[in-house]
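Remember, it's 1-based here, ligands and their atoms both numbered in the order they're listed.
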Amino acid sequence: MPEVEFAKAFEYAGDAVVFRVMMPRFLWKLQNRLGLGKEKKLIEAGKTFDRVCEKYIAAKREEIIRSQKGIDDHVHVNSDGESEDLLTYHIKLDTSKYELLDPSDDKFLRDTIVAIVVAIRDTTSSALTCFFWLLSKNPNVEAKIRHEINTNLPSLESPIWSATDRREYLNKLVYLHAALYETMRLYPPIPFERKTSIKSDVLPSGHKISANTNIIFVIYALGRMRSIWGEDALEFKPERWISETGGLRHEPSSKFFVFNSGPRACAGKHLAMTSMKTIIVEILQHYDINLVKGHKVEPNPRLNLFMKHGLRVTLTKRCSA
Ligand code: HEM
């Protein structure tokens, strides 16, 4: 695969964030001042973000002006804002509603682009990579998912994929949902997190902490603890997510921590599940997917859970029935 500078910059920035989480503050501050090591890469990544985002922001501003003047009518904007892209939405923010946000400031827009890409790109790609890897090792699970898709979705020839229909159809794919949750339980796209206390407190475990204590919790380990998930915690079993009535079993976010818990939980959880299910259905309806023989699969927990050597697969076009 060709190297994409913008994507590489996210990798460098992610590694630098992990470094900052793990190292004493003075050390990364010093490296930053001297422009060394991971901090040097972070500074370079920042310049790439500036350059690439500036191009998109300028082009989008231009596009909006042209559409407002009636020169272009292809801009994806409608009066109720339904099909607006995210950048347009942020440029046209109602500043009377969000006083602290300034859409005329390119830095605000750049930070927004970077934050959205961080939130969406490596999380969903990590989950999908692990999902297809686990599927290749569990043909019985793949067979069940294919059966569920074939039973619940109209045939490939039917034009069902209008935005309104999509959610309704995807909601019927309970086993697929369970398999995705089970994938992320064992391989959480964000494998660990850090929180800092703003004042002294007592944790649910009884541990006393003072203000400014950094707490790192390992979501990867939480998903594998027998005390939480039972004796079969290490097994890939989508069935554990299916209730007696055949619906999806609810687990509290404090147990299934993959999307975080509380007021700062993932804001895009439903969007993430919908888009991942859409991609999986599209791939499984059109292709057989097989792991390349001898390819070494090694999950590599960084800021996101990556595959160290990627996931090499072959795609074979399926004949439509
Ligand atoms: C499999 C996919 C995803 C996973 C596992 C995931 C997980 C998480 C986690 C663990 C957090 C908390 C981060 C922290 O506190 O440090 C978070 C925050 C967030 N996520 Fe996701 N995410 C996913 C996809 C998405 C998508 C597609 C969006 C779309 C916009 C999104 C938007 C956000 C936002 C805006 C926050 C910040 C919420 C806040 O701080 O109030 N995420 N996500």
Side-chain angles (χ1 to χ4, degrees), residues 7 10 13-22 53 81-90 93 98 100-101 108-135 163 166-167 170 173 176-198 213-224 238 241 248 251-281 283 299-307 311:
F10 279 99
D15 284 349
V17 170
V18 174
F19 184 75
R20 284 188 179 188
V21 168
M22 301 298 177
C53 293
E82 232 182 49
S83 57
E84 244 171 24
D85 64 74
L86 277 168
L87 186 52
T88 304
Y89 173 84
H90 283 90
L93 264 188
Y98 304 104
L100 297 176
L101 306 180
F108 158 69
L109 294 174
R110 183 211 60 180
D111 290 349
T112 303
I113 295 174
V114 172
I116 290 172
V117 175
V118 167
I120 299 178
R121 192 187 79 115
D122 289 336
T123 49
T124 45
S125 63
S126 160
L128 287 170
T129 309
C130 293
F131 173 85
F132 282 110
W133 172 48
L134 288 169
L135 220 57
R166 183 179 298 142
R167 185 179 292 269
L170 291 179
L173 306 180
L176 171 59
H177 199 112
L180 258 175
Y181 268 14
E182 184 67 348
T183 300
M184 292 189 284
R185 177 183 72 82
L186 289 168
Y187 297 98
I190 299 179
F192 70 91
E193 279 198 53
R194 186 186 84 171
K195 299 283 173 215
T196 307
S197 56
I198 48 172
T213 303
N214 288 329
I215 301 171
I216 294 177
F217 48 98
V218 184
I219 302 172
Y220 185 89
L222 281 173
R224 289 159 180 260
W241 291 95
L248 197 69
E251 294 291 5
S253 55
S254 53
K255 176 176 174 182
F256 181 55
F257 218 90
V258 163
F259 292 100
N260 208 337
S261 188
R264 302 308 296 265
C266 177
K269 177 179 168 183
H270 297 293
L271 174 64
M273 290 305 291
T274 304
S275 51
M276 288 191 293
K277 283 195 275 184
T278 306
I279 291 167
I280 293 167
V281 168
I283 291 180
N300 181 16
R302 289 154 74 171
L303 186 62
N304 288 102
L305 190 81
F306 286 109
M307 289 286 184
L311 186 75

Taking salt bridge (charged side-chain N to carboxylate O under 4.0 Å, His left out) as the test, write out the residues that go with Arg121, two or more places apart. none
Hey, does the side chain of [X] reach the backbone of [Y] with a donor-acceptor pair shorter than 3.5 angstrom?
X      : Y      : value
Thr183 : Cys130 : no
Ser261 : Phe257 : no
Arg185 : Gly223 : yes
Ser197 : Thr213 : yes

Show the nearest heavy-atom pair for residues [X] and [Y], with the distance to one decimal.
X      : Y      : answer
Ala127 : Pro189 : CB-CG, 3.9 Å
Ile113 : Cys53  : CG2-SG, 3.9 Å
Leu170 : Thr274 : CD1-O, 3.6 Å

With respect to atom 5 (C) of ligand 1, which of Pro189, Ser261, Ser126 exhibits the smallest heavy-atom separation?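 Nearest option to atom 5 (C) of ligand 1, by heavy atoms: Pro189.
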Ligand 1 versus [X], non-hydrogen atoms closer than 4.0 Å: side chain, backbone, both, neither?
X      : result
Pro188 : neither
Lys195 : side chain
Ile116 : neither

Within-2.8 Å protein N/O/S contacts of atom 21 (Fe) of ligand 1: Cys266 SG
Does the Lys NZ or Arg CZ of Arg224 fall within the cation-pi geometry relative to Tyr187 - under 6.0 Å from the ring centre and within 45° of the axis? yes
Students often mix this up, so state it plainly: with edges at 30° and 60°, are the rings of Trp241 and Tyr181 parallel, tilted or perpendicular?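 Correct class here is perpendicular.
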Could you identify the single nearest non-hydrogen protein atom to atom 39 (C) of ligand 1 and state the distance to 0.1 Å?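 The answer is Arg264 NE, 3.2 Å.
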I need the nearest protein heavy-atom contact for atom 16 (O) of ligand 1: residue, atom name and distance, please. Glu193 OE1, 3.0 Å
Which of the atoms of ligand 1 are close to [X], meaning less than 4.0 Å from one of its heavy atoms?
X      : answer
Val258 : 5 (C), 7 (C), 10 (C)
Met184 : 1 (C)
Ala265 : 38 (C)

Of all the heavy atoms in Met273, does at least one lie under 4.0 Å from an atom in ligand 1? no
Please confirm whether Met276 approaches ligand 1 to less than 4.0 Å, judged on its heavy atoms.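 Yes, that is the case, since the closest heavy atom of the residue is under 4.0 Å from the ligand.
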Test side chain to side chain donor-acceptor pair (under 3.5 Å) applied to Asn304 - qualifying residues, sequence neighbours left out: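 Side chain to side chain donor-acceptor pair (under 3.5 Å) check on Asn304 returns nothing, list empty.
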Qualifying residues under side chain to side chain donor-acceptor pair (under 3.5 Å), relative to Asn300, sequence neighbours excluded: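 With sequence neighbours excluded, Asn300 shows a side chain to side chain donor-acceptor pair (under 3.5 Å) to no residue whatsoever.
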If you scan the protein for heavy atoms around atom 37 (C) of ligand 1, do you find one that is closer than 4.0 Å?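 Protein heavy atoms within 4.0 Å of atom 37 (C) of ligand 1 - there are none.
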